[in-house]
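The model shown is predicted, which means the values in this text are computed figures rather than measured ones.
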Amino acid sequence: MRAVIYCRVSTEEQTQANSLENQIKQCLETITKNEWIHICSYIDEGKSGTTIKNRNAYQKLLQDMEQDKFDIIVVKNQDRLMRNTREWYRFIDKLMRNEKKLYFYMENKFYSPDDTLITGIKAILAEEYSRDLSKKINNAHRNRQKNGSSVLITSKTWGYDKKGKDVVINEKEAEIVRLIYTLCLQGYGSRCISKILSEKGIKGRTGNEFSEVTIRRIIRNPLFKGTVIMNKRHMDFETKKIICTEQKEWIIHKNIVPEIVTEQIWQKANEIMDKRCDIQRTIKKGKNKENYELSSKIYCGECNSVYWRRHRKTTKGVKIVEWSCSQYIKRGRKTFCKSGCDNIHIKNEDLEEILCNISKRICEYKREEIIKNAVNILKEVLEEKEDTQYLQEQKEKIMKKKEILLDRYLEQDISLELFQRKNEILEKEYVVCCKTITQKAQQEEIETNQERLCSIESEIKYISEKELYIYKLINHIEKIEVYQNKLQIYFDTFDTIQIKIEQYSNKAKKFTICENNK
């Protein structure tokens, strides 16, 4: 029989008697005793049994089970495999379907379907034990945090080292932290600070350059002024996720670690950051939101960074809207900074012209026919409108006059003869007035409508010339790649189109659709 072993200990269990070494030893002895063939060992160290997440050895065990690489799984007991009731039953289901055997060396027996009830109860008890243990550990952490007896810092914490239970300053890194705060107080933003550090050759522990996010985190972190904030998050047993706690539950200890910058410097730097955030929020709330149809669709073919739309002025004060590589905007030219980018910029008007020409090739609909149809529809609507308004007004007038005349007759203010005579006069006046109003109204409406139709027709022509073409095309664009001498435009339903770029000077470029594009 081909046998494999599975052993697991969690972080909390590593110091106990049932250590990992003892499990492995006992499993191997069991295989030897029963004269089975040892095929493989699956070991998860420092992993919780309440979930299968991040348990690479357990996942590999399940995969090999499906591929029929063994016959027997040897474990210490049930909770080594799983402390989660639902996952336990899933494991047993997979075990039965693949016709494998499970051997518990502590009980010296194989798992049997007759044990379903008892193993289910054991799984529930094991899960409850883990839940209770999690509560105790979280409570112990909280008590230590309240006392401030142990300050935890990660390996990514810049400027400090952990020596035993003490946190000490790493002077070499602390100088860089102070430089970041100094540059912030001088008015530099996180992007500029990142660029300055890169130019000075200053890099992080991993050898990478300081990102803008890292710089903002350093400036915002109160640790550098000696203040430690604890209990900001904890692991939730039920969801197996990190949960952020409410601010009122935070545990704050001031002057618990040595400060790298003073309270005043930290406060001033954060005030500057707050002002920058307020300005950015104001800009985003304004009319000119940086959200365009082509945003996140244009990428640099040289460094794979996204292209950003930006406004700038020439030396003569002419405003230009263009798309530039975000890496160039952050770092500058690659000539001056290794992490920069030398790719070309594209004027927005050139890009619109390219898309307009491509759309004409793809769509090939009759523009003049569409315009003519639209104008005819407008004419019909306007003519119907003027007839309706005129008739309604005349109806209302004649009804009012007749009602007044009739009321007077019924109230015996006038005789029947007078009523008839007045009614005839009103009818004649109505006819004459009606003709006059009709002629004048028709003339005015015709002139007005002609002007409106001409204006609308020109608008339709303009829209169909450019905006309509571009609008129809943008919806189908998935990605645009920019290179020094070409553009690659990828569509969802059309073939990829290549645009050839010829550079006449630093400012002038010629864009040509390659003939092999259909």
Side-chain angles (χ1 to χ4, degrees), residues 1-134 235 237-241:
M1 300 289 285
R2 299 169 300 167
V4 297
I5 69 171
Y6 178 79
C7 303
R8 179 194 64 81
V9 291
S10 63
T11 306
E12 294 77 21
E13 297 169 329
Q14 285 178 345
T15 58
Q16 297 179 5
N18 57 342
S19 65
L20 190 62
E21 292 76 12
N22 287 335
Q23 285 187 54
I24 296 171
K25 181 181 177 183
Q26 293 290 335
C27 285
L28 293 175
E29 286 178 357
T30 301
I31 291 175
T32 304
K33 179 182 176 181
N34 289 280
E35 297 182 350
W36 298 329
I37 302 171
H38 179 226
I39 301 298
C40 185
S41 299
Y42 302 91
I43 314 297
D44 275 325
E45 187 174 3
K47 305 295 183 181
S48 172
T50 60
T51 178
I52 61 174
K53 187 178 180 181
N54 298 325
R55 289 172 63 184
N56 297 330
Y58 179 81
Q59 299 284 2
K60 186 70 168 60
L61 173 70
L62 296 181
Q63 291 175 12
D64 291 350
M65 185 192 298
E66 297 278 0
Q67 296 174 10
D68 192 31
K69 290 188 176 181
F70 54 82
D71 304 303
I72 303 171
I73 303 171
V74 179
V75 295
K76 177 185 176 182
N77 51 30
Q78 181 180 332
D79 64 8
R80 293 304 91 198
L81 277 167
M82 192 60 61
R83 288 182 179 271
N84 183 300
T85 309
R86 181 177 59 183
E87 294 298 339
W88 166 253
Y89 280 116
R90 285 181 177 175
F91 173 81
I92 291 300
D93 178 65
K94 189 166 287 190
L95 188 79
M96 294 295 103
R97 281 191 290 105
N98 287 280
E99 298 179 349
K100 305 302 177 186
K101 293 184 178 182
L102 178 62
Y103 187 83
F104 303 118
Y105 74 75
M106 285 290 290
E107 301 176 24
N108 195 26
K109 60 174 288 188
F110 284 100
Y111 169 82
S112 168
D114 297 334
D115 300 329
T116 302
L117 179 60
I118 190 66
T119 55
I121 294 171
K122 285 182 178 180
I124 293 171
L125 293 174
E127 184 174 349
E128 191 58 35
Y129 168 79
S130 297
R131 183 180 286 105
D132 185 58
L133 182 63
S134 176
M235 172 66 77
F237 178 83
E238 304 299 336
T239 61
K240 306 296 185 294
K241 293 180 180 179

Original post:
For the atom pair CG (Asp64) and NZ (Lys100), what is the distance rounded to the nearest 0.5 Å?
Top reply: 10.0 Å

**OP:** Applying side chain to side chain contact (heavy atoms under 4.5 Å, CB included) between Val4 and each of Leu61, Ile72, Asp71, report the one that passes.
**Re:** Leu61

Original post:
Rounded to the nearest 0.5 Å, how far does CG of Asn98 lie from CG of Asp93?
Top reply: 9.5 Å

Subject >> Distance (rounded to the nearest 0.5 Å) between Leu20 CG and Ile43 CD1 >> reply: 5.5 Å

**OP:** Compare all side-chain heavy atoms of Tyr111 with those of Met96 and state whether any distance is below 4.5 angstrom.
**Re:** yes

**OP:** Could you tell me whether the side chains of Tyr103 and Asn34 share a donor-acceptor contact shorter than 3.5 Å?
**Re:** no

**OP:** May I ask you to check whether over 12 heavy atoms, not counting those of Glu99, lie within 6.0 Å of atom CD?
**Re:** no

Subject >> Nearest heavy-atom neighbours spanning His38 and Ser41 >> reply: NE2-OG, 3.0 Å

**OP:** May I ask you to check whether over 12 heavy atoms, not counting those of Gln67, lie within 6.0 Å of atom CD?
**Re:** yes

**OP:** Mark yes or no for whether Asp44, through its side chain, and Tyr58, through its backbone, hold a donor-acceptor pair below 3.5 Å.
**Re:** yes

Original post:
Rounded to the nearest 0.5 Å, what separation is found between the CG atom of Leu102 and the NZ atom of Lys109?
Top reply: 10.5 Å

Subject >> Spatial distance of atom CG (Leu62) from atom CZ (Arg55) [nearest 0.5 Å] >> reply: 9.0 Å

Subject >> Under 3.5 Å donor-acceptor, Arg80 side chain and Phe104 backbone >> reply: no

Original post:
Is there a donor-acceptor contact under 3.5 Å from the side chain of Gln23 to the main chain of Arg8?
Top reply: yes

**OP:** Measure across Ala3 and Trp36 and return the closest heavy-atom pair with its distance rounded to 0.1 Å.
**Re:** CB-CB, 3.9 Å

Original post:
Below 4.5 Å, heavy atoms only, C-beta onward: do Phe91 and Met65 meet side chain to side chain?
Top reply: yes

Original post:
Crowded around Lys101 NZ? As in, over 12 foreign heavy atoms under 6.0 Å?
Top reply: no

Original post:
Quick one: CD1 on Ile31 to CD1 on Ile39, what's the gap to the nearest 0.5 Å?
Top reply: 9.0 Å

Subject >> Heavy-atom pair of closest approach, residues Cys27 and Tyr105 >> reply: SG-CE2, 3.6 Å

**OP:** Return yes if some donor-acceptor pair links the side-chain N/O of Lys76 with the main-chain N/O of Cys7 below 3.5 Å, else return no.
**Re:** no

